[in-house]
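Here, residue 1 is the first one in the sequence, and each next residue gets the next number.
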Amino acid sequence: MGAPTSFEATMRSVQSPEFIEFIWDSINTPACQIAMLVMILHVANYNITARYEYRTHNFTKWIGPKAIYFYAVYLVLSALVRDHFIHLAVAPNAGSFVLFPATIATALGAFCFVAGALLNLWTLKSLGVKGMYNGDSFGFLFDAPVTDGPYQYMSDPQYVGTTLSLVGTAMYYQSIVGYVLAADMYIIFWVSVMFFEGPHMKRIYSSKDKKKSE
């Protein structure tokens, strides 16, 4: 099954028995598999390093009280590496899943990408660098949960923003690989929040509350 070249062809392809095979063939490439792996490694990276700092405080011991800012730069660079490999997987797959005319796809894709980036910046404004980049693990704890900014509407806006930007990339390139990677990214973030980040935050703040009550 070849790549559909129009909305009508895309709708026919979705209804065909070969559609699953088409998706599998699209994502069963070294570039896509590397992108998926790097997405997982990026999330594992900040979960592991945050726990390491919380338990040992070695980053703070080695770098000093400004360690959180170096760590923030490190995580931003890690995210840029992730995005580079996503681009390497999505760009060659352009036009593989046409849902919109080219001009609409370009406009919608750009809008979603920018909206996702702005949502992340809004999150950064609400949390600050320390709050955005695992500052809790470095000892910078909030007195109360953040409820302003995007947190009025959602619990993990930075992950919504990142996923929305990737959906925009998928729209821009009209790429089935882009849509699959966006779904993967959402799932990876959900698993991280539910089973790793969430329990880690509860551990940190329950320890803080316990110390205050002693």
Side-chain angles (χ1 to χ4, degrees), residues 27 32-63 67-86 89 116-117 119-167 169 179-212:
I27 65 175
C32 187
Q33 291 167 356
I34 290 170
M36 289 179 180
L37 176 61
V38 172
M39 286 161 58
I40 294 169
L41 289 176
H42 172 69
V43 173
N45 174 22
Y46 64 68
N47 275 297
I48 291 170
T49 51
R51 280 169 171 71
Y52 177 76
E53 172 62 15
Y54 177 67
R55 290 169 180 163
T56 68
H57 305 293
N58 277 340
F59 295 148
T60 301
K61 292 174 185 174
W62 297 333
I63 301 173
I68 181 61
Y69 298 105
F70 288 91
Y71 181 73
V73 171
Y74 167 72
L75 291 187
V76 169
L77 292 175
S78 175
L80 290 174
V81 170
R82 174 202 63 197
D83 293 347
H84 170 71
F85 282 102
I86 289 173
L119 180 54
N120 280 351
L121 289 175
W122 193 17
T123 305
L124 178 60
K125 182 177 183 295
S126 294
L127 293 178
V129 171
K130 295 173 183 176
M132 185 85 161
Y133 296 104
N134 290 331
D136 318 77
S137 296
F138 285 75
F140 301 105
L141 305 184
F142 288 102
D143 293 326
V146 176
T147 56
D148 64 350
Y151 287 92
Q152 301 172 76
Y153 311 105
M154 61 194 83
S155 58
D156 296 291
Q158 69 273 35
Y159 297 149
V160 174
T162 301
T163 304
L164 181 59
S165 286
L166 183 47
V167 170
T169 300
Y179 288 113
V180 171
L181 290 179
D184 282 348
M185 179 170 282
Y186 180 83
I187 292 169
I188 291 166
F189 284 151
W190 181 84
V191 170
S192 177
V193 169
M194 290 296 295
F195 300 104
F196 299 98
E197 295 177 60
H200 181 55
M201 289 296 102
K202 287 179 181 177
R203 189 179 308 115
I204 291 174
Y205 282 93
S206 64
S207 176
K208 174 193 173 188
D209 294 340
K210 185 177 179 181
K211 288 178 181 177
K212 286 177 70 175

Determine the minimum heavy-atom distance between [X] and [Y], stating which atoms define it.
X      : Y      : result
Pro150 : Ser126 : CD-OG, 3.4 Å
Thr162 : Arg82  : CG2-NH2, 3.7 Å
Asn58  : Glu53  : N-OE1, 3.4 Å
Asn120 : Met132 : O-CE, 3.7 Å

Over 12 foreign heavy atoms within 6.0 Å of [atom1], [X]:
X      : atom1 : result
Tyr186 : OH    : no
Phe70  : CZ    : no
Phe196 : CZ    : no
Lys202 : NZ    : no

Next on the checklist: ring pair (Phe, Tyr, Trp, His ring centres under 6.0 Å), that's the test. Do Tyr52 and Phe59 meet it? Break it down for me.
Outcome noted: CA-CA 9 Å; Tyr52 177 76; Phe59 295 148; 5.4 Å; yes

Checklist entry - Should His42 and Tyr46 be marked as a ring pair (Phe, Tyr, Trp, His ring centres under 6.0 Å) after you check the CA-CA gap, both sets of side-chain angles, and the distance that decides it? => result CA-CA 7 Å; His42 172 69; Tyr46 64 68; 5.4 Å; yes

Is there a side-chain contact between [X] and [Y] in this structure, where contact means two heavy atoms from C-beta onward sitting under 4.5 Å apart?
X      : Y      : answer
Phe189 : Val160 : no
Tyr159 : Thr123 : no
Val81  : Phe85  : yes
Met201 : Asp136 : yes

Next on the checklist: Could you tell me if Asn134 and Tyr71 have a donor-acceptor pair between their side chains, going purely by distance under 3.5 Å?
Outcome noted: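 There is such a pair (donor and acceptor under 3.5 Å, judged by atom type) between the side chains of Tyr71 and Asn134.
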
Checklist entry - So, the side chain of Lys130 versus the backbone of Phe138: is there a donor-acceptor pair under 3.5 Å, distance only? => result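 Checking the backbone N and O of Phe138 against the side chain of Lys130, no donor-acceptor pair under 3.5 Å is found.
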
